[in-house]
Novice: 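Mind looking over this structure? Questions follow.
Letters go in sequence order (proteins before strands), and every chain restarts at 1.
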Amino acid sequence: MSEVTFLEAIRQGISEEMERDSDVFLLGEDIGAYGGAFKVTEGLLERFGERRVIDTPISEAGFVGAAAGAAHMGMRPVVEMQFIDFISCAYDMLTNYVATARYRAFLPCPMVVRGPSGGYVRGGPFHSQNPEAAFLHTPGLKIVYPSTPADAKGLIKSAIRDEDCVLFFEHKYLYRRIKETLPAGEHLVPIGQARVARAGTDVSIITYAATVWKALEAAEQLQQEHGISVEVLDLRSLLPMDDAAIVATVKKTNRVLIVHEDTVTGGIAGEITARINDLCFEWLDAPVKRVAAHDVPLPYAPALEDFVLPQTSDIVKAVRWLADY
Amino acid sequence: MSEVTFLEAIRQGISEEMERDSDVFLLGEDIGAYGGAFKVTEGLLERFGERRVIDTPISEAGFVGAAAGAAHMGMRPVVEMQFIDFISCAYDMLTNYVATARYRAFLPCPMVVRGPSGGYVRGGPFHSQNPEAAFLHTPGLKIVYPSTPADAKGLIKSAIRDEDCVLFFEHKYLYRRIKETLPAGEHLVPIGQARVARAGTDVSIITYAATVWKALEAAEQLQQEHGISVEVLDLRSLLPMDDAAIVATVKKTNRVLIVHEDTVTGGIAGEITARINDLCFEWLDAPVKRVAAHDVPLPYAPALEDFVLPQTSDIVKAVRWLADY
Amino acid sequence: MTATSLPTPAAPPAGLSREQLLELYYWMRLTRTLEERLVALYRQTKVVGGLFRSLGQEACAVGSAFALRREDVLSPLIRNLGSMLVKGATPVEVLRQYMAKGDSPTRGRELNIHFGDVTERNFVGQISHLGDMVPVMAGVTLSFKLRQEPRVGLVYVGDGATSTGAFHEGVNLAAVQRCPLVVVVENNGYAYSTPTAKQCAAERLADKGPGYGVPGIRGDGNDVLEVYRLTQEAVDRARQGGGVTLLEFMTYRRKGHAEHDNQSYVPAGETERWAAENDPLDRYVRALTGTYGFAADELAAIDARVREEVDAATDVAERSGTPEPLDALSGVYAEPAMMPVQWYRAGVRSAVEVNERAQGWGTYDV
Amino acid sequence: MTATSLPTPAAPPAGLSREQLLELYYWMRLTRTLEERLVALYRQTKVVGGLFRSLGQEACAVGSAFALRREDVLSPLIRNLGSMLVKGATPVEVLRQYMAKGDSPTRGRELNIHFGDVTERNFVGQISHLGDMVPVMAGVTLSFKLRQEPRVGLVYVGDGATSTGAFHEGVNLAAVQRCPLVVVVENNGYAYSTPTAKQCAAERLADKGPGYGVPGIRGDGNDVLEVYRLTQEAVDRARQGGGVTLLEFMTYRRKGHAEHDNQSYVPAGETERWAAENDPLDRYVRALTGTYGFAADELAAIDARVREEVDAATDVAERSGTPEPLDALSGVYAEPAMMPVQWYRAGVRSAVEVNERAQGWGTYDV
Ligand SMILES: Cc1ncc(C[n+]2csc(CCOP(=O)(O)OP(=O)(O)O)c2C)c(N)n1
Ligand SMILES: Cc1ncc(C[n+]2csc(CCOP(=O)(O)OP(=O)(O)O)c2C)c(N)n1
Ligand SMILES: [Mg+2]
Ligand SMILES: [Mg+2]
């Protein structure tokens with residue numbers, strides 16, 4: 001079997017689920033004839049028709065709410081945000097209406113909200129965001145943020161089958177840069193399980209999405225140049241979070257670096273640190289440290305974006321600091 | 001001088017600033033003739049006239065955006081959310097437009113968004129929210145959440161004078177329950193400084209807003225019944241956060257409990273824990289623990305709300321656990 | 001605003017039987033009597049939280065909901081107690097909700113009439129955030145269109161809620177998709193304390209229709225038969241594939257926004273005038289006993305029946321117990337079924353057990 | 001959509017001098033020539049990020065902005081390069097922005113024409129989230145009303161952006177407050193790949209006006225003089241306290257949404273037809289040389305001047321350097337002026353310094 005890109009893997013996952021279940025349909029801006037701003041849904045209109053691939057007006061709150069209504073009636077909508085940055089326009093609808101539907105009114109709300117997220121692509125402050133932390137304190141939502149094609153396919157399929165609303169973030173930097181051969185046959189990855197992307201013994205890096213690749217790059221350098229053995233844990237799911245996997249890696253290396261692309265203040269690293277403290281404080285031989293974006297809106301010029309975002313060299317330095325500790 | 005309520009202190013702060021600076025004006029739903037759902041702006045229409053106390057349509061994104069536009073032109077708008085739960089409707093406008101205005105376009109945006117927040121009042125899932133965590137990873141915003149009338153007055157005045165956008169959360173449980181005599185004359189409290197609400201030596205409780213009072217209640221019980229000396233740190237400002245004050249109390253007691261009313265997962269306690277790890281890990285003699293709401297939408301029935309939210313007895317138990325550690 | 005002068009009753013809309021004319025009266029009377037009972041319970045502090053009245057708006061709520069079939073889906077707001085009763089909500093459910101009982105439709109999770117049932121009776125539980133139900137109902141009715149089911153949806157919004165972005169996005173999306181949706185704007189003159197003129201510069205909210213490419217029709221919201229007729233036409237149009245209709249019904253909120261509101265902002269005499277000249281029940285009684293020749297005691301019999309039903313429902317609801325605390329953690333997700341109990345609720349742990357989750361984690365043993 | 005057949009030029013609006021007629025031509029030509037230069041730079045990969053064209057929409061941008069005074073505030077979108085030039089933005093600024101230079105108006109923080117100046121030239125830096133500028137401009141113009149300044153605001157939205165809740169809330173708020181605001185809807189037939197008919201079921205977007213209680217007027221967006229005249233009338237009305245006007249200008253987006261877009265979704269021949277029959281510059285040239293009797297070489301002289309200006313601006317802009325990395329941390333707040341540098345950027349620390357912030361904290365020493 002030939003290699004497929006991260007983007008193609010998502011498309012495969014969506015179209016397999018559309019084949020399997022006629023209640024699955026797509027809503028979003030320019031996803032039909034145009035195939036979406038990044039072409040994730042390319043070919044799906046031709047394959048499944050206008051009833052199942054619906055171009056919407058520019059109304060994120062409108063079509064997220066509409067997805068919820070359709071979901072109540074037994075459909076399984078998959079909503080595309082043209083860029084995930086625009087999910088902020090549906091923040092009320094997602095956190096107040098969708099997230100609470102089952103709890104307050106026993107309304108099933110199986111739906112997926114997906115879209116291209118993340119930086120390193122000179123997208124500027126409004127086409128580079130990582131909104132996961134804004135939804136972390138919203139019980140009723142699930143959050144998935146994969147880093148490999150296989151996980152992207154397996155998780156989008158699980159997200160579409162999930163009985164609740166799943167926010168599915170697709171890092172656009174990975175869309176065409178990351179390729180792999182996918183497992184043959186039906187491939188599902190359960191929501192809520194992390195993945196050890198690289199095994200190691202000295203320091204653990206807990207991360208997700210694009211920075212998984214930077215962590216792996218750093219881990220290789222650290223092994224080669226400094227003889228430091230790094231374990232990289234790819235969370236894959238952020239809500240629910242895989243506490244068991246976090247505890248396991250902490251107990252193994254006793255030193256933890258959390259890496260993410262969102263700003264350091266208020267990013268998800270805080271929650272992870274709190275859980276580590278709560279669950280395995282005694283196993284820590286060093287403070288849990290963070291490598292994340294500087295606390296500014298993400299600027300557009302390459303020199304500025306590169307400075308603001310976490311880089312492989314930053315991870316290398318931080319891990320060495322932890323190893324020396 | 002006689003005692004004033006938390007609510008009256010806020011009203012005093014707003015009207016003093018309106019007296020002082022004719023560019024200060026108010027926008028919100030039912031804040032004029034009606035004086036606001038909680039009567040915070042009562043009397044201000046009569047005093048300052050229709051030009052400066054403006055009733056808006058039900059359009060949170062609309063009037064937050066309008067406040068920003070007026071702020072660009074040199075005005076100092078103070079926006080009321082009828083309940084802070086509705087700030088979610090302005091999430092895009094606040095995080096994308098307002099927060100970035102100075103950075104991306106050198107547009108000054110001095111404005112305040114204030115409103116009644118918090119639970120313990122049988123308000124149900126949509127009239128009890130604590131939205132602070134959703135704005136914590138948004139550089140460009142400031143977040144204030146006071147617990148005493150003096151701080152409420154001093155901080156609303158500082159917020160109105162601040163050159164950037166300040167989110168000012170007013171816990172509705174405190175509005176009429178908490179009274180004190182305010183400092184005479186001009187009273188300002190700087191944004192970004194925490195306050196030691198009670199000094200102690202054995203365990204530190206870091207908290208803010210309504211749970212400050214539960215922490216103080218617990219501290220008294222713990223002193224009386226268990227001889228445990230608790231220090232209570234009232235953060236007051238959440239963004240920026242007072243790292244120095246946090247480090248000082250940790251180094252003093254070496255045991256920390258973080259208490260807040262928002263859900264435990266994704267609440268601000270995570271960020272605080274990460275900072276403690278980062279800044280004074282070696283001073284910790286026990287894991288940083290959290291007492292916060294259970295991870296559910298806040299239910300309405302008293303029996304359910306009381307179960308979900310943190311109570312004084314929970315704080316007592318958690319502190320004893322830490323003291324025994 | 002001034003009360004419109006008393007109109008003469010409209011002719012009975014085609015297809016309404018005499019039984020149905022009495023049914024409409026029954027629902028309006030039940031709405032009013034049940035609300036009066038709620039006021040009594042509120043004064044006895046048995047109602048937890050606020051109480052929202054629809055006094056004077058019963059015709060608008062009942063007449064519009066009466067145009068729907070059982071399989072059609074209705075999305076009510078706080079003034080739509082009458083609509084929910086027509087759609088099958090029971091007085092016992094409403095009373096239990098207001099009293100936060102454990103066996104209320106939401107098991108004490110949500111307030112007042114924030115509850116629904118989309119499996120049998122087909123009305124959706126609303127949330128507080130105004131406007132949000134419009135996109136939701138656009139999606140409910142989009143599903144009818146996609147599945148080619150001959151079902152229709154009806155969503156209410158107040159004059160105030162028409163100012164929300166969600167209203168705009170929802171109506172526009174439904175219109176462009178030609179969803180079978182009827183949007184009913186209940187223009188009752190106020191949004192909390194804000195008069196409609198401060199909400200929108202348009203004299204007629206119905207004028208918003210053409211901007212979405214849909215018909216915008218205004219009717220007398222205190223004439224139950226006109227409300228029924230106009231809604232029925234819109235429902236038929238929707239069912240036949242004609243898409244969205246925007247209906248504006250003129251009515252008046254005679255009580256405050258909620259019971260605590262003293263209406264200080266209302267011009268003197270305004271509510272009294274509406275009560276005296278334009279009460280929807282009085283008007284309908286006159287129509288029934290006048291134009292349609294019903295005997296006064298036919299209506300009196302209904303009044304008596306309603307009183308009995310409300311008494312009986314109150315007895316039942318008052319006997320219900322409070323919710324079981326632990327239930328607060330169930331049903332956030334399909335999976336996991338329960339959220340964990342916080343560690344300290346499992347009791348204080350000794351230093352021995354330090355730094356592992358307390359044994360009681362995930363169970364409630366305080 | 002089909003191109004409208006070639007109209008005859010309108011009479012020169014009252015108060016336009018012959019110099020001003022030429023000025024309009026100059027701005028339209030400058031817009032087109034500058035964009036052509038940007039395309040060249042884009043192909044040379046000197047433009048960082050996407051390139052957005054307004055080819056065929058120059059009349060709409062230039063004619064409307066020309067109706068404003070210097071003290072009036074304009075809020076442009078990505079198709080409004082022409083509007084910004086009229087309002088005082090310079091080609092050098094635009095070129096530096098697109099090339100992400102350190103001395104660009106946003107110092108490399110924002111893309112393309114996302115920049116502004118509210119201190120002298122009075123145009124506001126836009127954000128990407130569509131619709132958001134409408135409430136902002138409602139507030140800008142509300143401040144004019146509150147301070148009784150005789151200033152007006154003009155905000156652009158595309159056909160697609162009219163579907164956003166922000167557009168609705170902003171127009172409604174401005175209308176009910178009678179803010180001196182002109183809302184210009186540039187209906188160019190598409191929102192990215194989505195035709196206007198899939199965006200809104202109304203045949204005329206101008207029909208949204210009455211729903212807000214404001215005039216809704218449609219005009220020919222490719223006739224610069226009609227655009228100017230209709231905008232001028234709306235601006236005058238606003239300045240005289242007449243409140244909001246909603247203008248819909250019909251135009252056509254001849255290029256893709258951005259340079260990367262191949263327009264596969266556009267019906268064959270459509271763009272060609274608009275180019276051949278309804279190019280705003282061609283039409284205006286015919287009007288100037290025809291109706292208004294200008295000599296061809298008067299226009300040729302302007303073309304030459306424009307070419308020189310764009311050449312000169314390109315030389316200047318290309319010489320600009322890239323931004324200083326550390327500047328990325330400045331100016332998020334007035335106070336503090338700088339955000340802290342992350343600890344690991346201060347270099348690797350030895351175990352000795354463990355557990356306190358690295359010495360270099362707050363300074364950049366890598
Ligand atoms: C988005 C939002 N903002 C504010 C509120 C607070 N609020 C609750 S009811 C109300 C007035 C509603 O007026 P209207 O829509 O006319 O309905 P009515 O009460 O008159 O039936 C307001 C402002 C809300 N529920 N949602
Ligand atoms: C809220 C929001 N949703 C989606 C987008 C992505 N987007 C950028 S431009 C565009 C199309 C805009 O169409 P229109 O408003 O007609 O303007 P035009 O490009 O035609 O001038 C879209 C969907 C956005 N910028 N903002
Ligand atoms: Mg109303
Ligand atoms: Mg367009």
Side-chain angles (χ1 to χ4, degrees), chain C residues 129-132 134-135 138 142 145 157 159-179 181 183 185 187 191 194-218 237-238 241-246 248, chain D residues 129-132 134-135 138 142 145 157 159-179 181 183 185 187 191 194-218 237-238 241-246 248:
Chain C
H129 291 64
L130 293 169
D132 286 6
V134 182
L142 177 64
K145 180 190 149 199
V157 288
D159 43 282
T162 62
S163 299
T164 63
F167 164 83
H168 175 71
E169 295 193 0
V171 174
N172 185 60
L173 179 66
V176 82
Q177 283 293 326
R178 290 184 76 77
C179 297
L181 179 64
V183 180
V185 178
N187 187 344
T194 306
T196 306
K198 279 191 168 186
Q199 198 67 235
C200 182
E203 196 269 317
R204 294 161 40 91
L205 297 175
D207 290 346
K208 294 181 181 295
Y212 300 110
V214 306
I217 298 160
R218 177 185 264 192
R237 182 160 46 244
V244 175
T245 302
L246 184 72
E248 177 189 17
Chain D
H129 291 64
L130 293 169
D132 286 7
V134 183
L142 177 65
K145 180 191 148 197
V157 288
D159 43 283
T162 62
S163 300
T164 62
F167 164 83
H168 175 70
E169 295 193 0
V171 174
N172 185 61
L173 179 65
V176 83
Q177 284 291 327
R178 289 183 78 78
C179 297
L181 179 63
V183 179
V185 178
N187 187 345
T194 305
T196 306
K198 279 191 168 185
Q199 197 66 234
C200 182
E203 196 272 316
R204 293 161 39 92
L205 297 175
D207 290 345
K208 294 182 181 294
Y212 300 109
V214 306
I217 298 160
R218 177 185 265 192
R237 181 160 45 243
V244 175
T245 302
L246 184 72
E248 177 189 16

Novice: Write out, in numerical order, the residues from residues 202-209 of chain D with a heavy atom short of 4.5 Å from a heavy atom in chain C.
Specialist: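 So the qualifying residues are D:Ala202, D:Asp207, D:Lys208.
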Novice: Quick one: which of C:Gly211, C:Ala197, C:Pro210, C:Gly213 has the most heavy-atom pairs under 4.5 Å with chain D, could you say?
Specialist: C:Gly211
Novice: Taking atom CZ of D:Arg178 as the centre, report whether more than 12 heavy atoms of other residues, nucleotides or ligands fall under 6.0 Å from it.
Specialist: no
Novice: Could you give the side-chain donor-acceptor pairs of residues 168-175 of chain C under 3.5 Å, partners two or more places apart or in another chain?
Specialist:
residue  : atom : partner  : partner atom : Å
C:His168 : ND1  : C:Tyr212 : OH           : 2.7
C:His168 : NE2  : D:Thr162 : O            : 2.7
C:Glu169 : OE1  : A:Ala61  : N            : 3.1
C:Glu169 : OE1  : A:Gly62  : N            : 2.7
C:Glu169 : OE2  : D:Gly165 : N            : 2.6
C:Asn172 : ND2  : D:Ser163 : OG           : 3.3
C:Asn172 : ND2  : D:Gln199 : O            : 2.9

Novice: Heavy-atom pairs under 4.5 Å with chain D - which of C:Ala201, C:Gly216, C:Cys200 has more of them than the others?
Specialist: C:Ala201
